[in-house]
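One structure below.
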Amino acid sequence: QVQLAESGGGLTQAGGSLNLSCSVSGHTFALVHDMGWFRQAPGKERVFVALIRWGDGYIHYHGSVKGRFTISRDTAKSTTYLQMSSLIPEDTAIYYCAVAQGPSGSFFWRPAEYAYWGQGLQVTVSS
């Protein structure tokens, strides 16, 4: 079993910055392959935000956040981070980190590829 503990988020004005972190624990941690961040706005589906591959650090972003968000990992701390800048009201959502224990390949954007999820963090950007 893998456990994810998220921290960060909150409220900021448009143009501001917020940081999220997600710590991973559990005896099956060695099987973590991909770590993703997703977000879900009220009344909408959960959508992909960013991916980092735990082994080689490969990174991919959704086009809407590229250049504004930065995903990173600290393997020693078993933690992944999402630094968010130049925030806009459309970024308002609950943000979730997630773990895929196998290679998600070209389906990295699908929530179904991820077996474990964090509890979710509210991010609110006011205009």
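Positions are given from 1, in the same order as the sequence printed here. Remember, it's a predicted structure, so these values are computed and weren't measured experimentally.
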[X] side chain near [Y] side chain, heavy-atom distance below 4.5 Å:
X      : Y      : answer
Tyr96  : Arg39  : no
Ile94  : Val123 : no
Asp34  : Val99  : no
Leu18  : Leu87  : yes
Arg46  : Trp117 : yes
Leu4   : Gln119 : no
Tyr114 : Phe108 : yes
Gln13  : Val125 : no

Honestly curious: do Val47 and Tyr95 fall in one hydrophobic cluster under the side-chain, below-4.5 Å linking rule? no
Same cluster or not: Trp54 versus Val2, using hydrophobic residues (I, L, V, M, F, W, Y) connected whenever any side-chain heavy atoms lie under 4.5 Å apart? yes
Within this structure, what is the [atom1]-[atom2] distance for the pair [X] and [Y], rounded to the nearest 0.5 Å?
X     : Y      : atom1 : atom2 : result
Ile71 : Cys97  : CD1   : SG    : 9.5 Å
Ser86 : Arg68  : OG    : CZ    : 7.0 Å
Cys22 : Leu82  : SG    : CG    : 10.5 Å
Asn19 : Leu121 : CG    : CG    : 11.5 Å

Within 45 degrees of the ring normal and closer than 6.0 Å to the centroid, is that where the cationic atom of Arg73 sits relative to Tyr81? no
For Pro89 and Ser127, which heavy atoms make the closest approach, and how far apart are they? CG-CB, 3.8 Å
Specify the closest pair of heavy atoms between Ala93 and Gln40, including all atoms of both residues, with the distance to one decimal. CB-O, 3.4 Å
Step by step, work out the side-chain hydrogen bond (donor to acceptor under 3.5 Å, both in side chains) result for Thr124 and Gln122. CA-CA 6 Å; Thr124 303; Gln122 180 67 50; 3.2 Å; yes
Take Tyr61 and Thr70 through the side chain to side chain contact (heavy atoms under 4.5 Å, CB included) test and state the conclusion after the steps. CA-CA 9 Å; Tyr61 297 100; Thr70 301; 3.9 Å; yes
Hey, which of Phe69, Trp37, Phe48 is the one that makes side-chain contact (heavy atoms from CB on, under 4.5 Å) with His62? Phe48
For Met84 and Asp91, what are the C-alpha separation, side-chain angles and deciding distance, and is it a side chain to side chain contact (heavy atoms under 4.5 Å, CB included)? CA-CA 9 Å; Met84 306 181 293; Asp91 294 320; over 6 Å; no
Quick one about Thr79 and Ser21 (side-chain donor to acceptor, distance below 3.5 Å, no hydrogens or angles considered), yes or no? no
Is it the case that the side chains of Gln83 and Ser85 hold a donor-acceptor pair, with the cut-off being a distance below 3.5 Å and no angle test? no
Evaluate the ring planes of His60 and Tyr58, with Trp represented by its six-membered ring, and classify them as parallel (under 30°), tilted (30 to 60°) or perpendicular (over 60°). parallel
